[in-house]
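Input: a single structure, listed below in structure tokens.
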There are 4 protein chains.
Amino acid sequence: MSGARSAADHAGPDARRRAILDAAARRFAVAGVELTSIDDIARSLGATKGKIYHHFGSKGELVRAIRLHSVQLTHDHVLPAYRGGGDPATRLHRMAAAHVEVMMQALAYHRVVVETMRAHPHRGATQVERSLAAQTRALQGTYEDLFRDVIREGIESGVFAGQNLSIALHSLMMLLNAPVYWYRPRLGERGTDRDAIKTQIAAMALGALRAAPGD
Amino acid sequence: MSGARSAADHAGPDARRRAILDAAARRFAVAGVELTSIDDIARSLGATKGKIYHHFGSKGELVRAIRLHSVQLTHDHVLPAYRGGGDPATRLHRMAAAHVEVMMQALAYHRVVVETMRAHPHRGATQVERSLAAQTRALQGTYEDLFRDVIREGIESGVFAGQNLSIALHSLMMLLNAPVYWYRPRLGERGTDRDAIKTQIAAMALGALRAAPGD
Amino acid sequence: MSGARSAADHAGPDARRRAILDAAARRFAVAGVELTSIDDIARSLGATKGKIYHHFGSKGELVRAIRLHSVQLTHDHVLPAYRGGGDPATRLHRMAAAHVEVMMQALAYHRVVVETMRAHPHRGATQVERSLAAQTRALQGTYEDLFRDVIREGIESGVFAGQNLSIALHSLMMLLNAPVYWYRPRLGERGTDRDAIKTQIAAMALGALRAAPGD
Amino acid sequence: MSGARSAADHAGPDARRRAILDAAARRFAVAGVELTSIDDIARSLGATKGKIYHHFGSKGELVRAIRLHSVQLTHDHVLPAYRGGGDPATRLHRMAAAHVEVMMQALAYHRVVVETMRAHPHRGATQVERSLAAQTRALQGTYEDLFRDVIREGIESGVFAGQNLSIALHSLMMLLNAPVYWYRPRLGERGTDRDAIKTQIAAMALGALRAAPGD
DNA sequence: AATGAATGAGTCTTCATTCAT
DNA sequence: GATGAATGAAGACTCATTCAT
């Protein structure tokens, strides 16, 4: 195992960083961030922790890089649906489906995100860590604004029920994130199962927004 | 500091256990389970570690007792709405509102639950810990069955859209749990804000179940 | 203190392990296993806990490694006398002398053995600990069989008195181990004192086996 | 179990002290002194530790009281054989047999003695503990002198081989203590087994002393 | 670029002991 | 006499991090 070199080792520093990030996300997702040691990650890479510290300054940096990557993936995957035309309901349906889809695609990364949603001591974070966190926060804001926009537009046009925008947004995001908590890909499956999941959840999302509080 | 005795100290061992559990839940909710040391909890009680270990065998036992308490609270609070009459939509609306309500009431306890949703190594758990976990699992199952029942009934009677029951249940629970992640009581507020939140989320829940996947 | 490196540090990992084992045996022998903390051992090495834990997984592993080493030393030192020819009395005399000799040579290791003769909870032992214990048990069995063989042969040939073999073996081992309890090398001495001790005890061992119970 | 009161509770403080001492010796013998907590002992008495601390000032006092009791028992049991007439060989045989006998009778107490043979930090001992230790040391000295006397007499009269008295005494005591390490009473047995053991070991003791070092 | 060794701060946990009742 | 509660010191162990090679 040690001595063997994976494809990533021949593909430059970026690919190496990415391989480390993948391994870390996987371990974090399985065992939890706190219970995963740098040694665990190194072992799952067939290497020692020196390798990891060569590319990432700290465990916190690893976590924050995973978070940023998760948000980037999600944003990039959903943006086309936002930009595509159509009425608010149609756009939101497409965005929701895309969100659910990417949740299932990069499950490990998103698991880390939901696990580390709280608990971010700014104190003690390095410069790099703060920078990553700031980028993540900014992009996360941008991302949520996509949904906020469409919801607002839908409310204004009467497609969605009049309601508190903040509560609606929070609830929607949680509904769309739900698969991160329970979805576990089966060995045989790939396409159909995921399609059914994303279709149903997108429909539920639409239904949730259409309902009036005083219903 | 020592020598001072709080009200709980005069009310028997159960009240003392409960006071410890409350303090632990509060600290865990604020800083995260892993980042909270037993000493932190003791300090917030104006006592020392020993007091806690006198009543709970381990940190894991504390966490599991909090989880069980959370599920019990929730179950007890929602059961009347399940038992009350009405068509499936009405009952589910009441159940959802009750669930959201109890989330906000015992916020700290539920925060611990969602944080520790994963990562429960059966290995290394003590007998007491396993017993608490088993009770929690059982009651959690019973609780979810309440919702499952009503959803199924609603689907059969045509009030809810035909859909995958499991996905619907998972999504619904996540939607109802959402406030645990973002709700933070403001000092002035109490009644109206919470009412608005639970009403809106309950409405969204209903809307989500009414929507057909092929919509 | 840090920065200084002893000879062992230049001689590879085995020598380093051995240096730690020596230090541990010495501390254990002086103060007792339970009263010796890992920090004590580290301090006597001019290092910190971490060094020890880098090479040994736990305190129990340290103890068991010392036990195994002790038995190996003893077995290796006595085996030639067993294999050498002669009548049972002669062989047993040589074996006894060799045993007493090695007791005094590696006093610290053997002290640990006699102290930890009992009290080995299998429960809670790590895999490595169990493996070390199993090896020790096996080698200890092999070792005692050397004596058992010679005693039996001696009884059969009439050189030794007819007696219960098990009691005889137990008693003999205890007699030969006795110096571990009371022997304490004096600074000036080396050769003659030890010779006298081993000669006298070997003679007593022979005498003990020759005596008939009904004498 | 709790609430029940044993016979000892009705028989005055001495009997109560003795019951505690018995329980402590038993627990210490089974699990080792360090691994036995005061709570363990209390539990085996069907009481709580308050009871123990009512009668003994500390755990160390408990251990030292057990040691003293062990030596007293042994001394009292062997003294008649010392005082009884006969040639040195006869007396020593009787003394040895008596010693082995009492070892098996009060096994738990003697186990504690051999376990705590070392490791007696004078520092930190209370007044009572030091007093108990001093009495034990004195009585132990007196006791060993009984054997020393007889051995010397035997050597002078030519019954025993000329040899180093100190080595002989040490070795003899160890030989006679051996059953403490390995003897474990079987449920059915009592008389015959023990008789065989004490007879054989006494014979071996005699044989050991008769043998000349230059043999 | 990567490794093995070492550090040291931080945590859980145990348990002898004290004390109010 | 005895109990339950609480204390606090001590110790094993983990693990992120640093560093020489």
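Side chains are part of it too, since the values below use all heavy atoms of this structure and drop only hydrogens, waters and symmetry mates. Small disclaimer: the values here were computed from a predicted structure and weren't measured.
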Measuring to OP1 and OP2 of F:dT3, would you say a side-chain N or O of D:H54 lies under 4.0 angstrom away? no
Just N and O in the side chain of D:K51: are any of them under 4.0 Å from OP1 or OP2 of F:dG1? no
For B:T48 and C:E34, find the nucleotide of DNA chain F closest to each by heavy atoms; which residue's nucleotide sits nearer the 5' end? B:T48
If you pin D:G50 and C:K59 to their nearest nucleotides in DNA chain F, which one's is more 5'? D:G50
Would you write out the dot-bracket form of DNA chain E, 5' to 3', with Watson-Crick and G-U pairs under 3.5 Å, [ ] for crossing pairs, | for pairs to other strands and . for unpaired bases? .||||||||||||||||||||
If you measure only the distance, is there a donor-acceptor pair under 3.5 Å linking the side chains of A:R67 and A:T116? yes
Is a donor from one side chain sitting under 3.5 angstrom from an acceptor on the other, for B:E61 and B:T126? no
Take the protein atom CZ of B:R17 and the nucleotide atom P of F:dG4, then report the distance between them rounded to whole Å. 16 Å
Mind calculating the distance between CG (B:L45) and P (F:dA6) to the nearest angstrom? 10 Å
Side chains of B:S37 and B:D40: closer than 4.5 Å at any heavy-atom pair? yes
By nearest nucleotide on DNA chain E, pick out whichever of B:I38 and D:D39 is the more 5' one. B:I38
Tell me which of B:G60 and C:I20 sits closer to the 5' end of DNA chain E, going by the nucleotide each one is nearest to. C:I20
Given C:Y109 and C:R26, is the side chain to side chain contact (heavy atoms under 4.5 Å, CB included) satisfied, shown in steps? CA-CA 7 Å; C:Y109 281 85; C:R26 224 161 9 236; over 6 Å; no
In terms of side-chain geometry, is the basic nitrogen of C:K49 or C:D39 positioned less than 4.0 Å from the acidic oxygen of its partner? yes
Taking only Lys NZ, Arg NE, NH1 and NH2, and the carboxylate oxygens of Asp or Glu, determine whether C:D22 and C:R18 approach each other closer than 4.0 Å. yes
So C:T126, base contact, sugar-phosphate only, or nothing? Heavy-atom distance under 4.0 Å. nothing
From the list F:dA6, E:dT17, E:dT11, which nucleotide is the closest neighbour of the side chain of B:S37? E:dT11
Of the candidate nucleotides F:dA6, E:dT3, F:dT14, which contains the atom at the shortest distance from the side chain of C:Y53? F:dT14
Answer yes or no: side-chain N or O of D:K49 and base N or O of E:dT17 forming a donor-acceptor pair under 3.5 Å. yes
